[in-house]
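Keep in mind the model is a prediction, meaning the values are calculated, not measured. Per chain, numbering begins at 1; letters A, B, ... match sequence-line order.
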Amino acid sequence: MSERSLELELPDGTCLCVPFGATPLDVASKIGPGLARGAVAGAIGGRLVDLREPLSQSGPFRVITARDPEAGEVIRHSAEHVMAAAVKRLWPETQIDVGRSDHSEKFQYDLDVPVRLTPEHFESIEAEMRRIVEAQQPLEREVVEREEAKRLFASLGEELKVSRVDDIDEGAELTLFRNGDFVDLCRGPHVQQTGQIGAFKLTEVGGSYWRGDESNPMLQRIYGVAFSTEKELGLHLERLEQARRRDHRRIGADLDLFWFHAWAPGAPFYLPKGLVLFNTLVAYMRELNLKYGFLEVTAPLLFDVEIFKRSGHYEMFPDMFKIRASGEDAEIGVKPMNCPGHCLIFGSRKRSYRELPLRLAEFSRLHRNERSGTLLGMTRVRAMSQDDAHIYCQPDQVEAEMDRVLRMTAEVYRDLGLSGLEVRVATRPEQYIGEIGDWERAEKRLGDATERAGFSFEWAPGEGAFYGPKIEFHFRDVLGRQWQLGTLQMDMAMPERFDLRYVGADGQEHVPAMMHKAILGSLERFIGIYLEHTAGELPLWLAPVQAQVLPIADRHAEYAGKVCDVLRGSGIRVELDARSETLGYRIRSAETAKIPYILVAGDRELADGTVTVRRRHQKAQTTVGVEEACSTLEEEVKTRGIS
RNA sequence: GCCGACGUAGCUCAGCUGGUAGAGCAGCUGAUUCGUAAUCAGCAGGUCGGCGGUUCGAGUCCGCCCGUCGGCUCCA
């Protein structure tokens, strides 16, 4: 291969030799004019390249067309420019800031617009966008010098953009993309002409701080989605509708699980059925605490804030503690976490190495003064409980304790049917306490333990807690959304801060190692996530009502009541629905309440001492003896059957 | 907290440019006694989120507050 040419390996296996500096569009034209017309980008070695960008390397090459999955991000990126152009046409004084870096799902633009934008403006912006799309404006790529770019943006009154140019590293090549009179600093890639943006829709508008900093003025951010076809847009909107139906706030209200009142923002009321779910989860975690050697405690709810000054939380979260009993000198705080209390328990008497590891678990309700704008149903609350525990051990026991927690974690996620886990090890953040060397050792120990437990993981640099690095478990739900659940964290600060010591085998005092563990995390948040994941169709062992007994007519009510008694005697949560409604009506009522089992009792069942069993969503039924139905349910509860 | 939208019966929503509220479902009562996703009839249910203002008159217009939702933790 000469220096003056590149060798491109095409998807069909053939090799194409092109001159150095040829563009993907040149290559596409060489292959065929139809392909060139349909091209939206090139890809070399899997990396997207703008059609107008000169190629500088050999390798596997593809032309991306509207049919390729990668086309979406190119189309969205170009739609983003079209949107900004449309807004500038409508309000010429608008200054543009920046768009989105990840176009895998949506696009956005931060703009300084002279009007307060509301969704009502979308129609006119979209109409303007449509005009630009229909005009099939070519997107032109241009390489410019830094000073030239600054002069250009200054002449256009784009002060925000001028300052963005200053942010870019010296020596980096600056490129502009133009369509019509719109010009933006941009790396691309972009479609050839705006007509390739098949379908788009603006979705949201909201504020965003200039450079993400709350002390800066606020710009307006418009979000949108774009696809190559109307059909894809339709599918996208359907997915949103599906997510809306699974919204845990809706399910929680429909199934009478929990409720919120304006007088306690961010603090759920658990209704009887919701509390069954909560309590069942706690009972399950208690079972595992016993199995894995965790000892449950309860520390006080209100504390002199001295404890949080000691732990370091007071300094980190100064707004978290805002209670003062009148006439008292001490500032009182409601506890936002359990660890300081557990440290007091550890320090309550002299500790021997013989009682280590000491694993203290607690389910107490915690209160955190989360900012009002961040509250969201059960998933972001101010009052919550965690399946929390703190482990105090000798330094040489840390590995074994990590392994123990990771085994427990794997067991919980398996029992709950949560797959699609992704694990991250989060390292030292900018604000931290302790020594860097200790941090690095702890980070490695966490990574190693994760691998020993059979999880693959990724590093999450700078995302650890201020007191130590942590393992984070992320779970992907059936709709593909990712949620953080459990964590295992090293704590390099608190044992010293609370002056914790144990007497070792050598008769000397030592500082214990400390770890924080939560597997479900906040139970409120977990319940919210799990309801969305399961669409409210909880497995039998967690269902607030496990079975509904339906007598066909009044004359069967007494027998149905007896069936209920038998099931209740075995600990099954059962309800009788003897309303004078048709059977079909009551079946529907039980199905929409997502009750796992419907047991019907009529003349035949009364005569034979049986019930007809209908599993949720299954039309097929079987008739079995009451005792048999009872033991089937008992077995399914016991084994925590998923479905 | 900041930006924006929204707040009408338990739920989902209607209520035009101001003239003192309406539906479906749920609930209750009665009839029906029924074999696997909605039987019929009737009844009841609302300080229109709260407070203040404009007006002869406010669910509707204006202001403040509360709540909920969407967004804000950047990075061509």
Criterion side chain to side chain donor-acceptor pair (under 3.5 Å) on Tyr270(A) and Glu524(A), from CA distance to verdict: CA-CA 10 Å; Tyr270(A) 279 99; Glu524(A) 283 68 20; 2.8 Å; yes
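Listed pair Arg614(A) / rU36(B) fails the phosphate criterion, with no side-chain N or O lying under 4.0 Å from OP1 or OP2. Between Lys619(A) and rA37(B) there is a side-chain polar atom (N or O) within less than 4.0 angstrom of OP1 or OP2. At rA76(B), none of the side-chain N or O atoms of Arg146(A) fall inside 4.0 Å of OP1 or OP2 (strictly under the cut-off). Dashed line: the shortest gap from a side-chain N or O of Arg221(A) to OP1 or OP2 of rG70(B) is not under 4.0 Å. Distances shorter than 4.0 Å separate some side-chain N or O of Tyr585(A) from OP1 or OP2 on rA26(B). Residue Arg249(A) places no side-chain N or O under 4.0 Å from the OP1 or OP2 atom of rU68(B). Phosphate proximity of rG71(B) to Ser208(A): absent, as no side-chain N or O sits under 4.0 Å from OP1 or OP2.
Side-chain proximity of Thr592(A) to the nucleotides rG67(B), rA37(B), rG35(B) is greatest for rA37(B). Taking the side chain of Thr374(A) as heavy atoms from C-beta on, and the options rU39(B), rG1(B), rA37(B), the nearest nucleotide is rG1(B). The side chain of Arg164(A) has rC75(B) as its nearest neighbour among rC75(B), rA37(B), rG35(B). Of all nucleotides listed (rC75(B), rG35(B), rA5(B)), rC75(B) comes nearest to the side chain of Val98(A). The side chain of Val205(A) sits closest to rG4(B) out of rC72(B), rG4(B), rC74(B). If you check rG35(B), rA76(B), rU39(B) against the side chain of Thr582(A), the one that comes closest is rU39(B). Nearest to the side-chain atoms of Ser580(A) among the listed nucleotides rU32(B), rG70(B), rU36(B) stands rU32(B). Minimum atom distance to the side chain of Leu174(A) is reached by rA76(B), of the listed rC72(B), rU36(B), rA76(B). Among the nucleotides rG35(B), rC74(B), rC72(B), the one closest to any side-chain atom of Leu583(A) is rG35(B). Nearest nucleotide to the side chain of Arg187(A), out of rU33(B), rA76(B), rU39(B): rA76(B).
When rounded to the nearest whole Å, the span between CG of Asp577(A) and P of rA37(B) equals 15 Å. If you take CG of Asp254(A) and C1' of rC25(B), they are 11 Å apart, rounded to a whole angstrom.
rA41(B) and rU29(B) make up a base pair, with Watson-Crick or G-U wobble contacts both under 3.5 Å. Partner assigned to rG63(B) is rC51(B), using Watson-Crick or G-U wobble distances below 3.5 angstrom. Of the nucleotides present, none pairs with rG57(B) by Watson-Crick or G-U wobble criteria with both distances under 3.5 Å. Look at rC16(B): it lacks any Watson-Crick or wobble partner with both distances under 3.5 angstrom. Judged by Watson-Crick or G-U wobble contacts below 3.5 Å, the nucleotide rG4(B) has rC69(B) as its partner. The partner of rC34(B), taking Watson-Crick or G-U wobble pairs whose two distances both stay under 3.5 Å, does not exist in any strand shown.
Between Phe260(A) and Pro119(A), the residue whose closest nucleotide on RNA chain B is further toward the 5' end is Pro119(A).
Side-chain atoms of Gln108(A) and base atoms of rG71(B) include no donor and acceptor less than 3.5 Å apart. You won't find any donor-acceptor pair under 3.5 Å spanning the side chain of Tyr209(A) and the base of rC74(B), going by distance alone.
Taking a cutoff of 4.0 Å between a charged side-chain nitrogen and a carboxylate oxygen, Glu591(A) and Arg616(A) do not qualify as a salt bridge.
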